[in-house]
Every structure is written in C-alpha cells, then in structure tokens.
Protein chains: 2
Amino acid sequence: MKNQKEFPSCKTCGTKHLSVFCALNNEQVEEIDNSKGCNFYNKGQVVFHEGNRTNGIYCINKGKVKLFQIGAEGKEQIIRFAKPGDVVGYRALLSEEPLSASAAALEDDTTICFIPRDQIFSMITQNPNFNFKFLKMLSHELGEAAKIITDLAQKPVRERLAETLLILKDTFDMDEEKNIQVKLSREELANIVGTATESVIRLLSEFKKDKLIAVEGRNIKLLNIPGLTRVANVFE
Amino acid sequence: MKNQKEFPSCKTCGTKHLSVFCALNNEQVEEIDNSKGCNFYNKGQVVFHEGNRTNGIYCINKGKVKLFQIGAEGKEQIIRFAKPGDVVGYRALLSEEPLSASAAALEDDTTICFIPRDQIFSMITQNPNFNFKFLKMLSHELGEAAKIITDLAQKPVRERLAETLLILKDTFDMDEEKNIQVKLSREELANIVGTATESVIRLLSEFKKDKLIAVEGRNIKLLNIPGLTRVANVFE
DNA sequence: AAAATTAGCTGATGAATGTCATGTTTTAAC
DNA sequence: GTTAAAACATGACATTCATCAGCTAATTTT
C-alpha cells in the first residue's frame, strides 16, 4: 500500500494551474477529482496503445511520457512528449477516432490520472473557458505539427538533430549546468529525428567535437545554444 | 459587374451540408451570410500569408486551394489542400497565433468567403454542435499530421509519392476515366512529397512504365490502385 | 560473480536521392 | 506569329545517409 499515500488529488495538484484544468472552478475540480482514476508506471511501460479506443483523457501528474507511432517497418516514430500538467489521449477522444499513437513512460514512478469521457464532455459543454483551452491546445499542436512536417521534408539530418536538442531543451528545460532534463537513448533520439541510430551517434560526436554540446551517457549538456541554433538553421 | 451575379449566399450554398456550417440553424446561417465577405482568386493568387494575423476564417466556395509553408531554403512545403466546403485559417484564429501557412488558389475563379472572428466565436459559444465540429476537425487534422510525420520520417521517396497520389485521389476524387481531379505541377508534387522536382519526374515515369499510372501533362490517371497501394506500403 | 542482453561506438560500403548541366517541349507574353 | 519564359525531361555526378559487421562498454539477469 505504499503507493496509496502518493495518490494525487486534483485539488492539491501543483500542475493544475499549468494545464487545461486551470479553466475549471473549484466545484468542477472536485467533480474531476471524484471521477478520475490514477495509475503508476515504470520506465518503458505503455499507458495506451495506438489503434485502441479511449474513453477519457490522461493527465500526467509526475514523470515524462513519449507519444509514438509504429511506422511501416515496425519502427517507432516519436510524435510528441508530455510532462506534468500535459494531457494525452485527447485527440482520439475528441475526434472519436482510435488512438493515433501509443504512449509510454520515460521514467520510473510516472504517475498519470485518467479522467473519463463523460466528465470531459460535460465540462466542455458547461465551461466555455475549458472548451477554448482545448480549441487552443489542438490548434497550437496542429501548428507545431506543420513545422515538423516542413522540417522533416526539407532539412538534412544534422539540422534536424540540432533542432531536436533545442526542442527538448524548451520542453523539459535545463538544470543550472545546462543539462537537458530528459534522458533518451540514441535510438529514441533517432526516432524523433527520423534517422538511423548510428547517424545520431556520429552527429552527437561531431557536435561534441565542435564544442556545441557535452555528452555523458544519456546526459546532454548544451554548451553553445546560439551555435546549435545556427546548425539547426532556425530563423524565427 | 460580372462577378456580382456569382456572389454566393450561405443560404443556398451547396457546400454547406459538407462543412462545419452544417451544425448551424437557419437563423445562424443568416447571420453568417450577413457578416461574411467574398473574394475571387485566379490560379496562383495568394489568399493569405504565413506569419500574418487573421481575423476570421476562410470558407472555400468554389475551386481548390493549397496551404503551404516556406521552409529553410525558401522552398515551399505543401501542408494541406482545401476544396469547396473546407475551411482554412481556423487554426490561427483559434490558437490566436499568426498564420502558420500561406494559402494560394490552384484554379482560376476560386471563390472564397471570409467569416469574421466575432461571428465564429459567438457561434462556437452558442452552438455546442458547431463547437464540436471544430474540436473534431482540429483533432482529426492532428491525427492526419501525425501520419504524415511518420511517413516523412520513415518512408523513402518512391513510397511517399505513391501515397501522395492516393491521398490526392481521396481528397479530390477521380473522374470516370480515373483521372485525379486536381492539376499540379511536378514541382508542387515534389513540395508535397518532400523531394526534388527531378525525382518526381523520374518516379512518375517509372510508375508509368509499370502501368500503375498514365500521365498526360498534369493529368494523372490511376490505372492500378492496388498496385500503387502496395508501392506506398500502406496497410490500414 | 558470471553470463547474457542491451546500448553505444566505429568503419566500410552501397543505395537512394539531391544537384547540376543541358536540351526539349509547352505555355505565356508581346 | 514570334519571342520569352516556364515547365518538363534526362544524363552525369556528388553527397547524404542507411545498412551491415564487428567490437566495446554498460546494464540486467541468473
């Protein structure tokens, strides 16, 4: 029963003010809290499977999650990441389509709440602010997806890897020593960039040689962010 | 004043039942009709520019439109197409971000209505069905974008071109003789697939040699759809 | 602790595909 | 109708990058 005491409550959830749920009033938070379920995942464990139906949305309370599709040759393609306060599974719920991606925990003790469909739909209908949060989140994501499409279609692997490192930095932040606060395998990096694991390994060494980054195992330190930005060929 | 007589009315618009606007009642259609504007575009003319702000959404009444971003080397990347009944510009409006893509007419006499922001927002708030149409449209588009990302990251050019032809068929239909009902330059095809114009030219000849398609100028006839599907390596 | 598995690394090689050059055809402009 | 411009086509070549093989280091399992 050790996990029992860590079972989170929406009322005291520190991620609330960062998430879509910040649009809810106390009464509505109470309602979510009563209807939600919560699960704990170790690194690598799958939260939901691409192709299945979902009956609610998942809210990350603790830990990190990757969203990925399995492509033509059974290869994983990482589409997106989620951290505390982020929700996943909402795309499938709102489109009433099967899940377009699988989700897996990136860390041990990843804690994820599940809010059933009916609560979400009723809040969307009742609370226009909550509704607009979803419209905004979806349309923002769609814009991000379009950028990724253009980059994948036009930029070479080297630039895409540099950009991926910068995106990971923006998503998960750095500590005081400029370490990106997420640990990914070379293979996972390759599955974001859309390249082979060996190419990631070689390019990381190049970046290291050029003093753009420092690497210790899965720990990546961004030594020269303007330099990386130049490599990534990012203007805006 | 020749165009005047072709100025469309929402009340009689044949595309209404196909579009998000099918969720509106007569009174609301009337309101949209009174507030909307309408413009005519010739082939190549730009409807809106990436990076600008939008103050409403665009509804295609007649003709075809491409949505594209300009990538790193100034190269066009086509993100999506729109045909009568489709709306464009809604992503930027709902996210309150600048337009993430430009839109240009693919045919002469393309007719596009503009519905101002306030009407859209007030209908979303008033009419839950209309609201859910947008949620569904956005989340569906997001799913499509994820598929495209995985394909761009993992499939070779040959497969992507075959898949593009099949997607164009699904989007714009074929006539009785299996001609895809949209005319694109080789360069535009390249800008969907994410490849060089020369590669598209070569691969189209290969498909032609393999009796998968017939080509006459910009007219592409799909002779063997199961064959193309196999080349595209599409399962679902 | 030993064995086995997984992850990381490096070099060699070849295939896919982008680039460049050039010519031809089609379309648009005058 | 002639000229100019754009689109299409093809060959030669260069480059990027994936694949394969083999090896070492780090984890995990037994």
Side-chain angles (χ1 to χ4, degrees), chain A residues 42-45 66 71-77 104 106-108 151-164 182-209 213-220 231-233, chain B residues 42-45 66 71-78 104 106-108 150-164 182-209 213-220 231-233:
Chain A
N42 283 327
K43 186 172 164 175
Q45 284 192 314
K66 65 176 172 184
E73 317 288 297
K75 196 182 168 190
E76 169 182 300
Q77 178 63 35
L106 289 172
E107 298 175 353
D108 285 342
D151 285 348
L152 278 171
Q154 299 193 357
K155 287 186 181 175
V157 173
R158 185 186 169 83
E159 297 181 20
R160 299 210 303 272
L161 178 60
E163 192 163 2
T164 294
V182 66
K183 305 283 163 270
L184 299 171
S185 67
R186 307 291 190 262
E187 189 180 0
E188 282 171 320
L189 286 171
N191 294 345
I192 308 169
V193 172
T195 188
T197 308
E198 294 93 328
S199 297
V200 167
I201 292 170
R202 280 184 251 264
L203 288 168
L204 284 181
S205 324
E206 278 187 37
F207 292 169
K208 194 175 160 184
K209 206 177 57 191
I213 62 173
V215 186
E216 278 173 341
R218 295 192 181 180
N219 201 53
I220 297 176
V231 173
N233 200 5
Chain B
N42 283 327
K43 185 170 167 178
Q45 284 192 313
K66 65 176 172 184
E73 318 288 298
K75 196 183 167 189
E76 168 182 301
Q77 179 63 36
I78 298 180
L106 289 171
E107 298 176 351
D108 285 342
T150 300
D151 285 348
L152 278 171
Q154 301 193 354
K155 288 186 182 176
V157 174
R158 185 187 169 81
E159 297 181 21
R160 299 210 303 273
L161 178 60
E163 192 164 1
T164 294
V182 65
K183 306 282 164 271
L184 299 170
S185 68
R186 306 293 190 264
E187 190 180 0
E188 283 171 319
L189 286 170
N191 294 344
I192 309 168
V193 171
T195 189
T197 308
E198 294 93 326
S199 297
V200 168
I201 291 170
R202 280 184 250 266
L203 287 168
L204 284 181
S205 324
E206 278 188 37
F207 292 169
K208 194 174 158 184
K209 206 176 57 190
I213 63 172
V215 186
E216 278 172 343
R218 294 191 180 179
N219 201 53
I220 298 176
V231 173
N233 201 5

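Hydrogens, waters and symmetry mates play no part in the numbers below; they use all other heavy atoms, side chains included. Nothing here was measured: the structure is a model prediction, and the numbers come from that model. Below, chain A is the first sequence line, B the second, and so on; all start at residue 1.
Nearest to the side chain of Val157(A), among dT17(C), dC17(D), dT10(C), sits dC17(D). With distances taken from any side-chain atom of Arg202(A) to the nucleotides dG11(C), dG18(C), dA7(C), the minimum falls on dG11(C). For Ser199(B), the listed nucleotide lying nearest its side chain is dG18(C); candidates were dC8(D), dC17(D), dG18(C). When each of dC17(D), dC9(C), dA7(D) is scored by its nearest atom to the side-chain atoms of Arg218(B), the top-ranked nucleotide is dA7(D). Comparing dG18(C), dT19(D), dC17(D) against the side chain of Ala196(B) picks out dG18(C) as the nearest. Distance from the side chain of Ser205(A) is smallest to dT10(C) among dT10(D), dT10(C), dC17(D).
A salt bridge links Glu206(B) with Arg158(B); the closest basic N to acidic carboxylate O contact falls under 4.0 Å. A salt bridge between Lys66(A) and Glu76(A) is present, with a side-chain N of the basic residue lying under 4.0 Å from a carboxylate O of the acidic one.
Positionally, the nearest nucleotide of DNA chain D for Gly217(B) lies more toward the 5' end than for the other of Leu203(A) and Gly217(B). Positionally, the nearest nucleotide of DNA chain D for Lys155(A) lies more toward the 5' end than for the other of Glu198(A) and Lys155(A).
The CD-P distance, from Glu73(B) to dC20(C), rounds to 11 Å in whole Å. To the nearest angstrom, P of dC8(D) lies 13 Å from CG of Asn219(B).
Using a 4.0 Å heavy-atom distance criterion, Thr197(A) is classed as making no nucleic acid contact. No contact: Arg160(B) has no heavy atom under 4.0 Å from any strand.
Sparse packing is recorded around NZ of Lys208(A), with 12 or fewer heavy atoms of other residues, nucleotides or ligands lying under 6.0 Å away.
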Check step by step if side-chain hydrogen bond (donor to acceptor under 3.5 Å, both in side chains) holds for Lys183(B) and Asn219(B).
-> CA-CA 6 Å; Lys183(B) 306 282 164 271; Asn219(B) 201 53; 2.8 Å; yes
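Between Arg158(B) and dA16(C) there is no side-chain N or O to OP1 or OP2 distance below 4.0 Å.
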